[in-house]
Every structure is written in C-alpha cells, then in structure tokens.
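The structure under discussion appears below in the form of structure tokens.
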Protein chains: 2
Amino acid sequence: MTHTPSIKICIIEDDALILKSLQQVLNNAEGYSVTGTFFSAEAALENLKEHHPDVLLLDIDLPGMSGIEAIPKLHKLQPELNIVMLTVHEESEIVFSALRQGAVGYLVKGSNSKFLLQGISEVFDGGAPMSPSIARQVIASFTMSKETSLSDRELEVLQKLSNGTNNKQIAEDLFVSTNTVKAHIKNIYKKLHVHSRAEAVSKAIKKGWI
Amino acid sequence: MTHTPSIKICIIEDDALILKSLQQVLNNAEGYSVTGTFFSAEAALENLKEHHPDVLLLDIDLPGMSGIEAIPKLHKLQPELNIVMLTVHEESEIVFSALRQGAVGYLVKGSNSKFLLQGISEVFDGGAPMSPSIARQVIASFTMSKETSLSDRELEVLQKLSNGTNNKQIAEDLFVSTNTVKAHIKNIYKKLHVHSRAEAVSKAIKKGWI
DNA sequence: TATAATATCACCCAAACGGGTACTATCACA
DNA sequence: TGTGATAGTACCCGTTTGGGTGATATTATA
C-alpha cells in the first residue's frame, strides 16, 4: 500500500505496445497508478468517468475520433481533467491546436521514463510540460502584435467602442464633441476596412490591439 | 579566445550589487558575454543598439520607466531582441503582463547560476523559460474556455455580428426573418449583460467563444 | 405533466449610427 | 514650403439598432 495517494492516470492509446510500456513505467513508479486504459476516444468517452483520473494521457493519432477532437468532449465529461497529449514527433502545428482545444501540455512518446513521470507530476502540480520551441510559440501567439496603423487617439476610441460605449459617452470621456468622435470612428473604419463598430472591435481584438 | 561565438547579453538592472553578481556569473561562464549594462530603461534605450545583444535581461522594478513599459520601446529599437525579465518574486500578474508586452520568458533573481545560464541558453535557442505555474496560466489564457450559456443559434448569430453583418443580412444567411434575428440578439444581450453589438462581440472574443 | 429554454415571427418608436461633405489647426517630414 | 497625418468641429440624412411587448411551436428536463 502506498503512503501518499497516487496520481490516478488514464491512457488513451491505440498502439498496444506503447500502451503496455507506458502502463509498466507508471505502475512501477511510486506515486503513479494507471486506473484505466482505452484504445479509442470513443471508448474513453463511454467509460472514463468510472476511473476518475487526475491526469489523462491522450494519443493524438487515434483511429476514429482524433485525440484533438476528443479534447472538448472529454472536458465536457470531466471539466477539471488535466489532459496531456502523447505525440511521436513534436509537430508544432498539431501540438499547438491541441493546446488551443484545452490540453495542458504534451509528452513525446519514447522519451525516457524520467521525463514521463516528471511531466505528469508537473501537470498534477499545476504546471504545463512542453518543449522550449512550443513554449515560445505559445508565448508569441499570446503576445500583442502592436503593429497598428492607428493613432493613439484612434486606439483610445477603439477601446471605448469595445466597451460598448456610445458616441455621446465617448465624447464626454475624451472631452471632445460627438462630431470629433464620429470623425475618429470614420477614420478607424477607413484604416481597418470595416463598416461597423462590431467589426472594428472584432478585428482589433483579434490583432491584439486592444 | 572562445571557440564558439558567445551569446551577447545586455542587462538593465538598477541594483548595482545584483548587476555585478549577474555580470560575474555570465562573464565567467563559457559561451556567455555581457556586452552592456544599464541602470535604467531610459539609458538602455539611448545606447542599446551599440551593444547589439542577443538577449536582454530586464529588471521589472526600475526607477523611472518600468521594465514592462520599456518592452515595446526596446522592441521598436531592436525588433528581434529576446527580452527576458528579471524578478525578485514570481508574481504571476506582473510576469503575465510582461509576457503580454512581448517578453519571451523570465528568470528569478537569486536562483542559482545554473538556472540563469540554462534560461539564457533556452531563450537563445528559441525557447521560453518560465515556471510551471506561469506556463499553465499562459496555456489557460490562450485556450478557448467553451463554457458558454449561449445556444448554438445564438453563437451563430454572434459570429455574424463579429463580422459586422447587419440584421437584414444575417436574416438572409440564416433563412429567417429580421425579427427573429433581433430576438436572438436581444437574448444574447440579456445573457451577456451588454447593450450593443460591439460590446457583445468584445466579450465573446475575449472569452474565446468566437 | 408542467416548466424552462429555444427558435420563430410581428409591430412600434426613439435613439444611435454610418456616410457624405467641409472647415481649422498643428506637427512632422520631405 | 507644401504635403500628409493627426486632431478637432459642424451639419445633414437615411438606415440601423436597441428596447419594449406579445405570440406560437418545439424540445428537453424536472
């Protein structure tokens, strides 16, 4: 019997050899226990809740529903579940979209077992295991681009637009006339090639300007 | 003389003792060389280009312009510069906004020199050094939350709103009357507690719904 | 079975918006 | 010196929007 409660792990992996190997490593290590294994996302979605895992290792390349597609469905089933992707090679675009779907990290299959255990512990402790290059891409995507053709005043107005502020209120906030506000908005529309507040706000947020 | 070119490092740090210590560690290590040091962001902005650093270590708490404010200005000066923040304690909100401004990682002052050198190398090699808890927060912020109280139809309408589509066009796209579209929009407003298209779009995008 | 949520449609009205034109004034840059 | 970008102001006009109230049908869930 273990002294500290083990991290309960489920694994979705269609390759029986890899699954076996993962299972062996995890069950032989102190503090980790595999409570369930599945060969497909479909199977996991049906029975996962019975195994109440802390961490789920999820293969990306699965027959039927892909690992990435499965993420939102698994989260719906068990919202607080920490999903860690398993990949063969570290292809950034795929890993990236997995993270976007809600995975908290990923592990490369075949890396040594120390890495595996460390990664799982990191996830359990609230971390997010990933390689340096993926980490950088994540940071970059979340950074604001700042390359805008808008003037400071226009950005200020745009910010107000995103709060749903109307022209009259913006005018009061900026101590100018509503006509001035309208003029700024018209210029914003010209620069962004849009024709409404909603579209301007959408574009600006997606570009990270506001 | 060194055999491989050293990583050129500049440091902005107002505390002379810490600066000295950093400088010593880096200059004594193989493959790292400090090419410039500054006591303030203002000083760095004037002279940084002469030292063409690969990596810049930037203190967050600086007299005058803060390290975070300095990031965009430094990037304007040298767009490809890798900026790494130096912090005393790891306060997530501050680190977080530094990353948002364009820093690629951070190092905790006083952690052992192995960590420092490793972090700098990681940055130089395209990585992003940060602690597990910050990594998780970054991942989380960039993940779509998907927890929405909106119906599928309402999300569909919201998507159209973000494109700047007007009610008439939305009605045509969805094969319903403009009255129906208006009804959906009213319901969206009620659920999101907003009063305009722009505000609804802003909220939805920031929550990752569209 | 009843109640809530969703989706559909209708009418009204005041307020807000988008687009057009036109006029200053400042500041930087060529 | 003048040309462009930014900021501020003004007026007009037709269209769109937001908010109100009310109604029907379907589906899901308690």
Side-chain angles (χ1 to χ4, degrees), chain A residues 45 49 72-73 76-77 79 145-205 207 209-210, chain B residues 45-46 72-73 76-77 146-205 207 209-210:
Chain A
L45 284 167
K49 39 188 171 295
K73 296 177 198 296
K76 206 164 199 170
L77 211 66
S145 54
K146 281 294 172 199
E147 283 161 48
T148 165
S149 56
L150 299 181
S151 70
D152 290 349
R153 198 58 155 174
E154 284 160 355
L155 281 176
E156 205 171 351
V157 171
L158 196 49
Q159 180 66 58
K160 301 267 180 203
L161 291 185
S162 84
N163 297 331
T165 315
N166 67 23
N167 295 352
K168 193 175 158 192
Q169 188 60 52
I170 295 173
E172 283 178 32
D173 292 353
L174 302 185
F175 305 105
V176 296
S177 77
T178 59
N179 293 307
T180 301
V181 173
K182 289 187 76 172
H184 284 309
I185 293 175
K186 282 178 212 175
N187 289 330
I188 292 170
Y189 289 177
K190 278 207 188 81
K191 288 188 183 177
L192 303 189
H193 307 292
V194 299
H195 306 279
S196 74
R197 306 159 100 74
E199 202 181 354
V201 165
S202 167
K203 212 159 205 172
I205 295 178
K207 297 227 173 192
W209 295 338
I210 53 178
Chain B
L45 284 166
E46 275 189 16
K73 295 177 200 293
K76 204 164 201 170
L77 211 66
K146 282 292 171 201
E147 283 163 47
T148 164
S149 56
L150 299 180
S151 71
D152 290 349
R153 197 57 156 175
E154 284 160 355
L155 281 176
E156 204 172 351
V157 171
L158 196 48
Q159 180 65 60
K160 301 267 180 203
L161 291 184
S162 84
N163 296 331
T165 315
N166 68 21
N167 295 351
K168 193 176 160 192
Q169 188 59 51
I170 295 174
E172 285 179 30
D173 293 353
L174 302 185
F175 306 105
V176 296
S177 77
T178 58
N179 292 308
T180 301
V181 174
K182 289 187 74 173
H184 285 308
I185 293 176
K186 281 178 212 176
N187 289 329
I188 292 170
Y189 288 178
K190 276 207 190 83
K191 289 188 183 177
L192 304 189
H193 308 290
V194 300
H195 307 278
S196 72
R197 306 158 100 74
E199 202 181 354
V201 165
S202 165
K203 212 159 204 173
I205 296 178
K207 296 227 173 192
W209 295 338
I210 54 176

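So you know, we letter chains A, B, ... as the sequences are listed, proteins then strands, and number each from 1.
Rounded to whole Å, atom C1' of dT6(D) lies 8 Å from atom CG of N187(A). To the nearest angstrom, P of dC17(C) lies 13 Å from CD1 of I188(A). Separating the CG atom of L161(B) from the C1' atom of dT17(D) is a distance of 11 Å, rounded to the nearest angstrom. Summarising the geometry, the separation between CD on E199(A) and C1' on dT16(D) is reported as 15 Å, rounded to the nearest angstrom. Regarding I170(A), its CD1 atom lies at a distance of 13 Å from the P atom of dG8(D), rounded to whole Å. Straight-line distance from the NZ atom of K191(A) to the C1' atom of dA7(D): 11 Å, rounded to whole Å. Spacing between atom NE2 of H193(A) and atom C1' of dG19(C) amounts to 17 Å, rounded to whole angstrom units. H184(B) has its NE2 atom 15 Å from the P atom of dT17(D), to the nearest Å.
Taking the side chain of K182(A) as heavy atoms from C-beta on, and the options dG19(C), dC17(C), dG19(D), the nearest nucleotide is dG19(C). The side chain of V176(A) lies closest to dT9(D) when the candidates are dT8(C), dT9(D), dG19(D). Between dC9(C), dT16(D), dG8(D), one nucleotide has an atom nearer to the side chain of N166(B) than all others, and that is dT16(D). In this structure, of dC9(C), dG18(D), dC17(C), it is dC17(C) that holds the atom nearest to the side chain of R197(A). Nearest nucleotide to the T180(B) side chain, out of dT8(C), dA7(D), dT6(C): dT8(C).
R153(B) has a side-chain polar atom (N or O) that falls below the 4.0 Å cut-off from OP1 or OP2 of dT8(C). Here S196(B) does not reach the OP1 or OP2 of dT17(D): none of its side-chain N or O atoms lies under 4.0 Å away. Between Y189(A) and dG18(C) there is a side-chain N or O to OP1 or OP2 distance below 4.0 Å.
Remark: of the listed residues R153(A), Q159(A), K160(A), R153(A) is the sole one forming a side chain to side chain donor-acceptor pair (under 3.5 Å) with E156(A).
The minimum heavy-atom distance between H193(A) and E199(A), with the atom names listed, is O-OE2, 4.4 Å. Nearest heavy-atom pair across L158(B) and A204(B) is CD2-CB, 3.4 Å.
Heavy atoms of N167(B) sit under 4.0 angstrom from primed sugar atoms or phosphate atoms, though from no base atom. Within 4.0 Å of N179(A), counting heavy atoms only, lies at least one base atom of the nucleic acid. Here K190(B) lies out of heavy-atom contact (under 4.0 Å) with every strand. Nucleic acid contact for S177(B): sugar-phosphate only, since backbone atoms but no base atoms lie under 4.0 Å from a heavy atom of the residue.
Taking for each of T178(B) and A183(A) the nucleotide of DNA chain C with the nearest heavy atom, the 5'-most of the two is the partner of T178(B).
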Set out, in order, the CA-CA distance, both residues' side-chain angles and the distance that settles side-chain hydrogen bond (donor to acceptor under 3.5 Å, both in side chains) for N167(B) and R197(B), then state yes or no. CA-CA 11 Å; N167(B) 295 351; R197(B) 306 158 100 74; 2.9 Å; yes

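With hydrogens and angles ignored, no donor-acceptor pair closer than 3.5 Å exists between the side chain of K186(B) and the base of dG18(D).
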